[in-house]
Each structure stands twice: as C-alpha cells, then as structure tokens.
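Quick note on labels: first sequence line is chain A, next is B, and so on, each numbered from 1.
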Amino acid sequence: MLPLNDHFDGLLKNLNPPDDRQALAETLPPIVRDHLAKSDFLATVEESPVSRLAGSYGRRTVSGDIRDVDTLIFVDASYRAKPVEDVLDDLAAALKDLEVEGYEKGDVKTNRKQRRSCHVEFRHSGSDDPSFHIDVVPVIRPGDDPTAILDIPDREWTRWVPTQPLGYGQRLSVLNGEWNGEVVPMIRYFKRIKFHNMPTGRPKSYWSEVMVYHVFADGLVPKTRPLGGSYNRAERMLQVLRAILAKYGQNTAEGMETPLVADPCLGHNVAFAWPKADYIRWVKVLTDDINTLAAIEESTDRDESIKAWEKVFGEDVFQIDEEEVAAKEQEAKSIATAARIAGGAIVPAASATKGIVVPAHRAFGDQ
Amino acid sequence: MAFQRGVRPLTMAEQELAMLQHRPAFTRTRRHPWVWRGLLQVRPGGQVYVIDIIAGDRSGAVIEVWCREPILVPTKETGRPPHTFERGSLCVNDRAATPYEFIADTTVPWIYSWFYFYERWLETGIWYGPQAPGHELGTTTDATARSKSIATNEAGRTPAPKRTRGEAA
C-alpha cells in the first residue's frame with residue numbers, strides 16, 4: 001500500500017482545530033478557574049479551585065473543530081454527604097456570570113437529563129447558534145492524586161459514580177509512547193472517518209477513541225513486520241479499521257445487544273446508549289471503507305490510491321500541505337548537495353554541526 | 001565521528017568494530033560472507049526499513065544492500081524499485097567502497113541517503129538525489145509529477161545502458 005506520507009501529514013494538520021478555537025481552548029480553563037475563585041457559591045478543595053483539562057482537547061486527540069472543552073473542578077468532599085443536585089446547582093450559580101471576551105455572556109444549562117456537568121454555551125454577538133461550549137464537571141477527589149479514581153455526579157443526579165478521565169489520559173500517553181506515537185494520530189484519523197461518513201448519529205467521538213485505544217492496548221494489530229520493519233500509516237489505518245470491525249462490528253443481528261466498548265480504566269460500557277440503528281449504519285460505513293481501501297492494498301497507482309483515501313476521509317482534508325511539501329523539496333535539494341546523518345536521521349549538512357557526513361555518491365541501477 | 005583511511009586494506013574485524021562503535025543500529029548476523037542487519041529510519045517517526053548489508057569476505061569485495069522489509073514500490077518500467085539491480089538489491093552508489101574505506105563510513109550513509117530520496121520519490125515521482133549520467137529517473141520539475149502515478153511516471157527517463165549486477169555498491 002502506498003504510504004502517501006505527504007497526504008497523511010497534511011490530513012493530520014487539517015484535523016487540527018482552527019487557531020482561534022485552539023487559543024480559546026487554551027485560555028478558557030484558567031478563566032473558569034479564576035471566575036470560580038471569586039465566587040462564594042461553590043466550595044472547592046482549595047481556595048483557588050484546582051482544575052484540570054479533560055476530554056479530547058486535554059488528550060490531544062481532537063479531530064476537527066473544538067466544539068467543547070471539558071474541565072474538571074475539584075470540589076469539597078463535603079458535597080458527598082449532600083444530594084448531588086446541590087453541587088451542580090452551586091456550580092451553575094457560580095458560573096452564571098462567567099464571561100469570555102468576544103462572546104456573549106454564557107448561557108448556563110444544568111437541567112438536562114444525562115448531564116453530569118454544567119454546560120455553558122457561548123455565542124458570537126448576533127448569532128443564535130451556540131458557537132462554543134464548556135462542560136465544567138464537579139469532581140470529588142479522594143486524595144491528592146488527580147489521576148486516581150474520582151467521583152462525579154451520576155447522570156440521574158442521584159449518586160456519585162467513579163470515573164478516571166485523567167488516569168485514562170495518562171494510560172493513553174503511555175500506550176502512545178509504547179507504539180512510537182502511532183496511537184494518537186490513528187485516533188484522530190478514525191474520528192474523522194466516522195465524522196465524514198456518518199456526520200450524525202452515534203458512536204460518540206469518545207467511543208471511537210476508546211475503540212482505537214483497545215485495538216492497540218489489546219495488541220489486535222502487529223507492532224512491527226516479522227523482521228522488525230514498520231507499517232506505514234496507510235497500512236496501519238487499514239489494519240485498525242479491520243481490527244475494529246472484527247472486535248466491535250459483529251453484533252448487527254436482530255436481538256443482539258450493541259457491543260461492549262469498555263472504559264479503559266474502569267471497564268464499564270461507555271457505549272451503553274448506542275442506538276441499534278446507528279450501530280448497524282456504523283458497521284456498514286466501516287465495511288464500505290474497508291472494502292474501498294482493500295481494493296488499493298496492492299496498488300502502486302498513486303492517483304487511484306489517493307482517490308480511495310479521499311473517499312474515506314473526504315477530499316477536503318486529505319490534502320497535502322503545499323508549504324510543507326515545498327519545504328521538503330527544498331530540504332531534498334539541500335541533502336542532494338550535502339547531507340549528514342545526525343540523531344539517526346538524515347539532514348542537510350548545513351542544519352547539523354554534528355553527525356556523519358554522507359560521502360558524495362550517485363545512485364544508478366538499471367532503470 | 002571521523003574515520004581515518006588506513007594505508008593498508010581494512011580487515012573485516014576492523015569493519016565490524018567500526019560498525020559496532022558507530023552504527024549500533026546494525027548488527028552482524030553472519031561471517032563469511034559478512035552480513036549486517038539494521039533497522040533504518042531516515043526521519044524521526046518515519047518508516048522503519050530492515051536492511052541487510054552483505055559485504056563478502058574481505059574489505060573491497062562487492063557489497064550488496066537488500067531491503068528485507070517492507071516491499072519497496074516498483075516503477076512500471078522495470079517492475080523493480082528505482083535505482084536497484086536486476087535481482088532487486090539497492091544501487092546506492094556508482095562506485096563500491098574501496099578496501100581502505102569503512103563500510104560504516106560509506107555504504108551505511110549512502111543507504112540512508114538512498115532511502116531519503118526513495119521516500120521523496122514515492123511522494124513526488126521525482127528522484128532528487130544525485131544520479132549517475134544515463135540513469136536519471138524522473139528528473140522533471142513539473143509540478144504535475146506529484147499527481148502522477150508512481151507506476152506511470154515516465155518523465156525525463158533516459159534509457160539506461162546495460163550494467164552488470166555488482167558493478168557498484
């Protein structure tokens with residue numbers, strides 16, 4: 001399978017959130033924290049409330065626009081003895097006057113079913129559609145370790161339930177390191193495939209992430225080729241899709257429950273609310289994409305390969321980054337003139353003071 | 001690292017020592033002929049190739065370079081990857097390393113260079129690296145080369161004179 005490295009690099013870049021959203025996502029948590037620090041409504045574990053980024057933004061697994069930022073606020077353990085509505089009411093009261101520059105004052109919502117957090121919507125002036133929202137999740141921390149099992153309000157608001165979002169983030173980082181950084185890009189690619197081919201309906205973005213996590217954590221794809229060579233991203237993507245279909249795509253028959261997508265830390269089914277109709281549609285999408293890619297598995301035809309990947313990811317994002325490619329072209333010309341091997345990679349001689357000079361040579365061979 | 005060229009042909013033991021000290025990615029897997037196997041990556045996070053260097057019994061002997069993994073992408077014209085010999089070993093230079101040169105200091109860097117330009121060729125259809133006259137591949141700078149199929153890119157190709165395998169490194 002052709003690696004199409006420039007396209008996969010460009011795709012990853014195109015899946016980055018817009019710069020303004022990125023900046024907003026970075027500045028919001030301290031704004032929320034500072035705002036809550038001024039409020040007397042909410043009792044937090046420290047005078048200045050401790051917060052942590054959770055969700056895909058915090059784990060760097062965002063694929064496309066950032067529509068929300070999840071933030072954990074560590075609240076006082078005394079809330080455990082009270083009805084869980086209390087903490088959400090207090091948090092909602094404390095967030096009521098939260099303002100973010102460039103947006104109208106946030107509209108705080110807490111009374112929706114299946115809500116474990118305070119949901120604050122922000123609109124650009126004059127717009128009716130929420131442009132952005134933050135989910136502030138009140139959390140009771142048993143000790144000082146934020147990555148330990150935490151308690152959050154249950155969606156029915158009747159009790160506290162365990163969760164370990166920060167622990168998962170750590171596990172993902174470790175797994176990603178063990179797989180030489182392959183896991184996080186695959187999560188982002190896989191989320192994009194779902195979004196492009198099935199813009200509405202479930203699985204939720206987080207479920208897709210967890211599925212990819214399990215593919216790697218359970219060793220459902222080979223780490224290397226038999227002799228130790230690696231797979232390129234195109235090959236790896238197809239392996240991941242096949243593994244996900246094999247693990248999660250077998251429950252379409254009537255009467256069968258949708259599959260267990262186990263929380264990486266606690267084991268419960270994060271996809272317990274997967275409508276069967278959505279699931280069946282998702283399996284079909286996955287199967288179609290695998291068939292599209294299987295058709296180019298042995299192909300060395302570049303145009304044909306690009307076309308297939310465009311179908312899977314969308315041609316608007318499966319694009320090379322012209323600037324990046326121009327830089328690579330420039331680098332190639334420099335290396336053709338003088339190169340060094342430094343840090344296990346080849347670089348233009350001009351960019352490295354250390355390393356081995358590559359003696360002049362010319363490739364030939366019977367063409 | 002700088003190797004000093006010797007005044008006498010290097011022994012294979014010296015070649016091995018140089019590989020051990022300066023090319024830890026390569027491990028000797030065999031003697032007579034001497035074979036080193038290495039995992040090579042030309043850019044951080046990039047493809048890992050499994051390479052065998054078959055260096056014969058003495059310094060200056062014909063050296064063959066094989067990519068064992070992955071299977072390299074062929075050109076349509078030859079059915080083989082670019083700049084390879086008839087049997088499929090890589091042609092990393094148009095001259096062999098001399099008996100006075102360390103393989104670690106010549107052939108290995110040439111292999112890095114070869115793979116760097118191979119990866120760029122895969123993406124662009126253009127071989128940016130130095131090529132021996134008469135063996136140029138995809139010398140066009142036409143931007144449309146990028147959109148062409150690897151297997152169908154014929155731009156700038158010159159018919160190659162017949163060479164005997166093993167003539168060069």
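Minimum interatomic distance between B:Glu123 and A:Asn5 (heavy atoms only, all atoms of both residues): OE2-N, 2.7 Å. The nearest pair of heavy atoms linking A:Val184 to A:Asn176 is N-OD1, 3.0 Å. For the residue pair A:Asn14 and A:Asp316, the shortest heavy atom distance occurs at ND2-O, 4.4 Å.
Residues of residues 38-47 of chain B that come closer than 4.5 Å to chain A, counting heavy atoms only, are B:Leu39, B:Gln41, B:Val42, B:Arg43, B:Pro44, B:Gly46, B:Gln47, ordered by residue number.
In this structure, the side chain of A:Arg188 does not engage the main chain of A:Thr61 through any donor-acceptor pair within 3.5 Å. Side-chain atoms of A:Arg171 come within 3.5 Å of backbone N or O of A:Pro264 as a donor-acceptor pair.
Ranked by heavy-atom pairs shorter than 4.5 Å toward chain B, the options A:Gly343, A:Gly228, A:Ser305, A:Ser299 are led by A:Gly228. Taking chain A as the reference chain and counting heavy-atom pairs below 4.5 Å, the highest number among B:Cys67, B:Gly129, B:Pro70 is found for B:Pro70. Here A:Val358 is the residue among A:Val358, A:Thr224, A:Asn180 with the most heavy-atom pairs under 4.5 Å with chain B. Ranked by non-hydrogen atom pairs under 4.5 Å with chain B, the options A:Pro226, A:Ala339, A:Pro359 are led by A:Pro359.
Of the atoms belonging to A:Glu331, heavy atoms from both backbone and side chain fall under 4.5 Å from chain B. Residue contact with chain B, scored on non-hydrogen atoms closer than 4.5 Å, involves the backbone and the side chain of A:Ala332 alike. Proximity to chain B (any heavy atom under 4.5 Å) is shown, for A:Arg340, by neither the backbone nor the side chain. Contacts between B:Phe115 and chain A at a heavy-atom distance below 4.5 Å are absent for every atom of the residue. Using a 4.5 Å cut-off between heavy atoms, A:Leu227 contacts chain B through both its backbone and its side chain.
Counting only heavy atoms from C-beta outward, the side chains of A:Trp179 and A:Arg236 approach each other to under 4.5 Å. Looking only at side-chain heavy atoms (C-beta outward), B:Arg8 and B:Ser59 stay at 4.5 Å or farther from each other.
More than 12 heavy atoms of other residues, nucleotides or ligands shown are found within 6.0 angstrom of NZ on A:Lys223.
Ion pair B:Glu69/A:Arg225 not flagged as a salt bridge, since none of the NZ, NE, NH1 or NH2 atoms sits closer than 4.0 Å to an Asp/Glu carboxylate oxygen.
The aromatic rings of B:Trp34 and B:His32 stand perpendicular to each other, their planes meeting at an angle above 60°, with 30° marking the opposite boundary.
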